[in-house]
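These notes are about the structure you will find just below.
Both backbone and side-chain heavy atoms feed into the values below; hydrogens, waters and symmetry mates do not. We count residues from 1, following the sequence as given. Each ligand, and each atom within it, is numbered from 1 in the order the structure gives.
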Amino acid sequence: MSPFSEQTRNYNNTKNNMAAATRLISRLTLVTGGGSGIGRAVCQRLAAEGASVVVADISEESAHETVAGLQNDLRGQAHTATAVDVSSKESVTQLLTTIQTRYFQPPSVCVHAAGITQDDFLLSMEEEQFDRVIKVNLKGSFLVTQAVAQALVACGAPKGSIVTLGSIVGKVGNLGQANYAASKAGVEGLTRTAAKELSRFGIRCNCVLPGFISTPMTDKVPEKVISKMKSLVPLGRMGEPAEVAEVCAFLASDDSRYITGTSIEVTGGLFMG
Ligand code: NAP
């Protein structure tokens, strides 16, 4: 490569990074599951791009820990930590009320990352294990998407972006995860439907499908299973939460303004095609 093209590439990279660093200025954003793993990385990324972040998690303490580590938004508007149980309509409704009381507006970006696993083989899975995972992962996605969309429509907001976290497992299934795979397949269907219904209000809805990402959720997976999975990933490693967060930030921002109703896999190529 000539020194000239190297120089041009560096200039373009700097320009792109500067644009990325400011593309969420003055945006109020909500991140559920923001106290851990991918959600926490999303909070860090959105804050670094200039957004005000409401960090919501079942554990208020974890949400506070996330806020303590966030870069201050460029308008000097503080980030907030709050407790929410996404599987409860009452709790989600209260969350939106709290946000609008504090910021006088609903969040125009929502990244819904709260989720759980309760793995077991189909032959031995208890009904409670199935119900709990569906309630948090699928019903939670419905409640959060609905509440954010209702608030945006009610105030006549010109645009919104809702990003849900599905999983590649929702597409291909996974041993021991009948409940989780079903919930995540549901999240994709819910998100596509929301995209169709909400586009006329300027609200875009997209789903991110991570593969195997190093977080407290996958820390529970036995090392033997992790090694096997890694051997199947064309890029040869697990993903980092920040690598999922970058895609969420893109979908949150106007850089994705012509994208809605889609799912983006962040899997290192796992199960492609
Ligand atoms: P994580 O580290 O366990 O983070 C999930 C967060 O959500 C935790 O803080 C969790 O709290 C919280 N949460 C659980 N139930 C909640 C509820 N009812 N209301 C509000 N918050 C709740 O998991 P992660 O790996 O970052 O996963 C984030 C999202 O990505 C999830 O939807 C997950 O299904 C999805 N995903 C992850 C992977 C992966 O490989 N890590 C792959 C595909 C998809 P507790 O810790 O107290 O439960």
Check: every ligand 1 N/O to protein N/O pair under 3.5 Å:
from: ligand 1; atom 1: 2 (O); to: Ser36; atom 2: OG; distance (Å): 2.6
from: ligand 1; atom 1: 9 (O); to: Asp57; atom 2: OD1; distance (Å): 3.2
from: ligand 1; atom 1: 9 (O); to: Asp57; atom 2: OD2; distance (Å): 2.7
from: ligand 1; atom 1: 18 (N); to: Asp85; atom 2: OD1; distance (Å): 2.9
from: ligand 1; atom 1: 19 (N); to: Val84; atom 2: O; distance (Å): 3.3
from: ligand 1; atom 1: 19 (N); to: Val86; atom 2: N; distance (Å): 3.0
from: ligand 1; atom 1: 21 (N); to: Ile58; atom 2: N; distance (Å): 3.2
from: ligand 1; atom 1: 25 (O); to: Thr215; atom 2: OG1; distance (Å): 2.5
from: ligand 1; atom 1: 26 (O); to: Ile38; atom 2: N; distance (Å): 2.7
from: ligand 1; atom 1: 32 (O); to: Ala113; atom 2: O; distance (Å): 3.2
from: ligand 1; atom 1: 32 (O); to: Lys184; atom 2: NZ; distance (Å): 2.9
from: ligand 1; atom 1: 34 (O); to: Tyr180; atom 2: OH; distance (Å): 2.6
from: ligand 1; atom 1: 34 (O); to: Lys184; atom 2: NZ; distance (Å): 3.0
from: ligand 1; atom 1: 36 (N); to: Tyr180; atom 2: OH; distance (Å): 3.4
from: ligand 1; atom 1: 40 (O); to: Gly211; atom 2: O; distance (Å): 3.3
from: ligand 1; atom 1: 40 (O); to: Ile213; atom 2: N; distance (Å): 2.9
from: ligand 1; atom 1: 40 (O); to: Ile213; atom 2: O; distance (Å): 3.4
from: ligand 1; atom 1: 41 (N); to: Ile213; atom 2: O; distance (Å): 3.3
from: ligand 1; atom 1: 41 (N); to: Thr215; atom 2: OG1; distance (Å): 3.2

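Counting heavy atoms of neighbouring residues, nucleotides and ligands inside a 6.0 Å radius, atom NZ of Lys224 does not exceed 12 of them.
Between the side chains of Ser59 and Ser62, at least one donor-acceptor pair of N or O atoms lies under 3.5 Å. A donor-acceptor pair shorter than 3.5 Å cannot be found between the side chains of Arg204 and Ser199.
Between the side chain of Asn179 and the backbone N or O of Gln129 there is at least one donor-acceptor pair closer than 3.5 Å.
With rounding to the nearest 0.5 angstrom, the CD atom of Gln105 is 9.5 Å from the CG atom of Leu152.
In this structure, the side chains of Ile203 and Val153 come closer than 4.5 Å at one or more pairs of heavy atoms.
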